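Worksheet for the structure shown next.
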Amino acid sequence: MFLVLHREGEDTPTRWRYEPKKLMSVEREDIERRTGRHFSQFTQDVLQGNSLCRRALLFTYLRRDHAKTRFEDVDFGWDELKLEYSRQEYESMREGVLGSLHGDELAAALQQIDQSIEDAYDDTEASGKAELPIAG
């Protein structure tokens, strides 16, 4: 999964690979302090669209690139920041529904996933099988 920041007026979005298990312990602890959530709850809240959690995640990645970034300075239009599954993650989801759904439910799910695969970012740097971004 990717955290994607595409500011209005910019031609190219900035894309960070979001893998909660790969965040450093200092980053995880900082996120917990800023959001008041334990890390596994934070990862769920990011996926559900919690504003503070997404801002904290963006801050984490911006600070990696610009060490002097301050949390107070991190601001974005809600439509400028999103999470995107990679093509490989959609393909993994497709495999999952093949074994768990049937009939019309399967057909509808496959149609939606296949459409998403067409538009998804191809994560050529991914190693191994794609995992959903929930930290354990």
Side-chain angles (χ1 to χ4, degrees):
M1 176 169 271
F2 291 90
L3 180 69
V4 181
L5 177 64
H6 195 173
R7 294 208 185 269
E8 194 171 316
E10 290 182 355
D11 293 332
T12 308
T14 303
R15 183 180 311 273
W16 296 274
R17 180 177 282 112
Y18 173 47
E19 296 175 288
K21 294 178 183 177
K22 301 280 185 176
L23 290 174
M24 302 304 293
S25 60
V26 170
E27 292 172 327
R28 290 171 62 126
E29 291 167 11
D30 185 64
I31 285 170
E32 288 179 340
R33 274 192 299 276
R34 289 182 187 284
T35 64
R37 290 165 172 78
H38 55 81
F39 195 73
S40 61
Q41 183 64 50
F42 164 83
T43 61
Q44 292 174 17
D45 288 350
V46 164
L47 292 177
Q48 293 174 2
N50 181 282
S51 301
L52 177 61
C53 291
R54 288 196 178 185
R55 181 176 176 208
L57 183 60
L58 177 60
F59 171 69
T60 300
Y61 286 112
L62 288 172
R63 191 168 53 180
R64 284 181 177 181
D65 296 337
H66 309 281
K68 294 186 180 190
T69 300
R70 296 179 330 150
F71 187 76
E72 299 77 30
D73 296 333
V74 177
D75 195 18
F76 54 91
W78 191 246
D79 63 343
E80 295 177 335
L81 187 70
K82 62 183 175 177
L83 292 169
E84 291 180 354
Y85 289 108
S86 69
R87 177 172 284 131
Q88 291 74 7
E89 288 167 320
Y90 279 120
E91 289 168 351
S92 180
M93 287 179 214
R94 191 179 200 288
E95 289 175 24
V97 300
L98 285 173
S100 63
L101 298 179
H102 304 285
D104 291 342
E105 283 184 324
L106 175 61
L110 289 177
Q111 181 180 10
Q112 184 177 9
I113 291 171
D114 288 344
Q115 177 62 47
S116 297
I117 287 173
E118 288 180 29
D119 300 330
Y121 181 77
D122 190 10
D123 187 9
T124 56
E125 296 178 24
S127 59
K129 187 170 179 160
E131 292 183 28
L132 295 179
I134 299 292

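Everything numeric in this text was worked out from a predicted model, so none of it was measured.
Here CZ of Arg87 is found 9.0 Å from CD of Glu118. Values are rounded to the nearest 0.5 Å. Arg64 CZ to Glu27 CD: the interatomic distance, rounded to the nearest 0.5 Å, is 4.0 Å. Taken to the nearest 0.5 Å, the CD atom of Glu91 stands 9.5 Å off from the CG atom of Asp114. In this structure, Gln88 CD and Tyr121 OH are separated by 9.5 Å, a value rounded to the nearest 0.5 Å. The line from CD1 of Ile117 to CZ of Arg94 is 6.0 Å long, rounded to the nearest 0.5 Å.
Nearest heavy-atom pair, Leu3 versus Tyr18, reported as atom, atom and distance to 0.1 Å: N-CB, 4.2 Å. Of all non-hydrogen atoms in Asp75 and Arg7, the two that sit nearest each other are O-NH1, 3.0 Å. When all heavy atoms of Ala120 and Tyr90 are compared, the pair lying nearest together is CB-CD1, 3.8 Å. Of all non-hydrogen atoms in Leu62 and Thr69, the two that sit nearest each other are O-OG1, 3.9 Å. Residues Trp78 and Gly49 approach most closely at CH2-O, 3.3 Å, considering heavy atoms.
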Side-chain donor-acceptor pairs of residues 8-16 under 3.5 Å, sequence neighbours excluded:
unit_1: Arg15; atom_1: NH1; unit_2: Glu84; atom_2: OE1; d: 2.5
unit_1: Trp16; atom_1: NE1; unit_2: Asp65; atom_2: OD2; d: 3.3

Can you give me every donor-acceptor pair (side chain of residues 51-59, partner residue at least two apart or in another chain, under 3.5 Å) with its distance?
unit_1: Arg54; atom_1: NE; unit_2: Val46; atom_2: O; d: 2.9
unit_1: Arg54; atom_1: NH2; unit_2: Val46; atom_2: O; d: 3.0
unit_1: Arg55; atom_1: NE; unit_2: Val74; atom_2: O; d: 2.9
unit_1: Arg55; atom_1: NH2; unit_2: Phe71; atom_2: O; d: 2.9

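Legend: residues meeting side-chain hydrogen bond (donor to acceptor under 3.5 Å, both in side chains) with Gln115, ordered by chain and number and at least two apart, are Asp119.
Hydrophobic clustering places Ile31 together with Leu81 (ILVMFWY residues linked when any side-chain heavy atoms are closer than 4.5 Å, directly or through intermediates). Tyr85 is connected to Val97 through a chain of hydrophobic side-chain contacts under 4.5 Å among Ile, Leu, Val, Met, Phe, Trp and Tyr, so both are in one cluster. Hydrophobic clustering, with ILVMFWY side chains joined whenever heavy atoms are under 4.5 angstrom apart, groups Leu5 together with Tyr61.
The closest side-chain heavy-atom distance from Phe42 to Glu32 is not below 4.5 Å. At least one side-chain heavy atom of Arg33 sits under 4.5 Å from a side-chain heavy atom of Asp30.
Summarising the local packing, CD of Glu72 is surrounded by more than 12 heavy atoms from other residues, nucleotides or ligands at distances under 6.0 Å. The number of heavy-atom neighbours closer than 6.0 Å to CG of Asp73, taken from other residues, nucleotides and ligands shown, is above 12.
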Exercise. side-chain contact (heavy atoms from CB on, under 4.5 Å) between Phe39 and Leu23: does it pass, once the steps are laid out?
Worked result: CA-CA 11 Å; Phe39 195 73; Leu23 290 174; 3.5 Å; yes
Exercise. Checking side-chain contact (heavy atoms from CB on, under 4.5 Å) for the pair Thr35/Asp45: CA distance, chi angles, key distance, verdict?
Worked result: CA-CA 10 Å; Thr35 64; Asp45 288 350; over 6 Å; no
